[in-house]
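Side-chain atoms are counted along with the backbone in the values below, which use heavy atoms only and exclude waters and symmetry mates.
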Amino acid sequence: MLSIKKNVLILLLMWLSLPAFAQTYRSLLRRANDQYELKAYTQAIETYLQVLERKEDEPEALAKIADCFWNLNQMEEAAENYTKLVRQRNVEPKALLAYGHVLKALGRYEEAKNYYLQYAKTDPSIGNPFAQSCDFARFQQAQSGEYSVVEERVNSTSADFGPAFLGDQIVF
């Protein structure tokens with residue numbers, strides 16, 4: 001009889017703690033979103049990570065933490081979070097576009113093109129030009145540089161600025 005009461009008490013306590021867990025999760029997400037809106041991206045990342053500890057596949061947290069990393073120019077981390085996001089069902093098209101931007105910034109043009117083309121199913125006027133820009137970037141990578149930079153030891157006691165070409169020479 002004592003063990004039944006003990007088990008019921010334990011189950012009751014567990015049941016009562018669920019709303020507290022959910023409230024904490026919601027309040028963390030709300031706080032992270034507030035930090036995000038204030039463009040406090042570093043703080044928002046820390047809070048979104050706490051949200052993701054509780055629910056690792058939360059789409060809003062994954063999208064916004066990836067965007068935070070994008071805004072902090074931490075592309076590898078942004079790509080990692082977008083990868084988790086785009087693997088989910090019913091991902092928003094804007095996430096595909098943003099992931100394409102991150103992949104393009106990392107020089108992963110073929111992958112970026114695929115995500116741009118997926119986005120183009122929703123909005124071809126935006127997705128297709130970005131897909132074409134990946135082809136252009138790959139083409140440019142294959143081209144050899146037409147210019148060479150040569151260091152010249154030209155300096156004067158005056159402020160030398162505003163170079164201009166005069167024939168085949170540079171004048172200041």
| note | By side chain to side chain donor-acceptor pair (under 3.5 Å), Q118 pairs with (sequence neighbours left out) none
| What's the shortest heavy-atom distance between C134 and A112, and which atoms? | SG-CB, 3.8 Å
| field | Of all pairs that satisfy salt bridge (Lys or Arg N to Asp or Glu O under 4.0 Å), the ones with a partner from residues 31-50, not counting sequence neighbours | value | none
| side-chain contact (heavy atoms from CB on, under 4.5 Å) partners of A137, counting only residues at least two apart | Y109
| Listed partners of P59 passing side-chain contact (heavy atoms from CB on, under 4.5 Å), at least two apart | L85, Q88
| task | Could you note down all residue pairs passing ring pair (Phe, Tyr, Trp, His ring centres under 6.0 Å) where residues 44-80 supplies at least one of them, sequence neighbours left out? | result | none
| note | Value for CG (L72) from OH (Y41), rounded to nearest 0.5 Å, stands at 8.0 Å
| said: As an exercise, state the distance from CD of E111 to OH of Y115, rounded to the nearest 0.5 Å. | reply: 7.5 Å
| query | Taking atom CD of E110 as the centre, does the number of heavy atoms from other residues, nucleotides or ligands within less than 6.0 Å exceed 12? | reply | yes
| request: Could you list the residues that satisfy side chain to side chain donor-acceptor pair (under 3.5 Å) with S125, not counting sequence neighbours? | output: D123
| query | Rounded to the nearest 0.5 Å, what separation is found between the CG atom of L117 and the CG atom of N128? | reply | 6.5 Å
| Distance from I65 atom CD1 to I45 atom CD1, nearest 0.5 Å? | 6.0 Å
| task | Would you list the pairs meeting salt bridge (Lys or Arg N to Asp or Glu O under 4.0 Å) in which at least one residue belongs to residues 67-85, sequence neighbours left out? | result | none
| request: With rounding to the nearest 0.5 Å, note down the distance linking CG in L106 to CE in M75. | output: 7.0 Å
| remark: Sorted by chain and residue number, the ring pair (Phe, Tyr, Trp, His ring centres under 6.0 Å) partners of Y119 (sequence neighbours excluded) come out as none
| When rounded to the nearest 0.5 angstrom, what is the spacing between CG in L28 and CG in N33? | 11.0 Å
| said: Give me the atom names and distance for the closest heavy-atom approach of A44 to A32. | reply: CB-O, 3.9 Å
| request: Under the side-chain contact (heavy atoms from CB on, under 4.5 Å) rule, collect the residues that match up with D135, sequence neighbours excluded. | output: K113, R138
Please output the side-chain donor-acceptor pairs of residues 94-105 that fall under 3.5 Å, not counting sequence neighbours, one pair per line with the distance.
unit_1, atom_1, unit_2, atom_2, d
Y99, OH, T83, OG1, 2.7
H101, ND1, Y116, OH, 2.7
K104, NZ, S133, OG, 2.6

| query | Can you list every salt bridge (Lys or Arg N to Asp or Glu O under 4.0 Å) pair that touches residues 56-66, not counting sequence neighbours? | reply | K55-E58, E60-K64
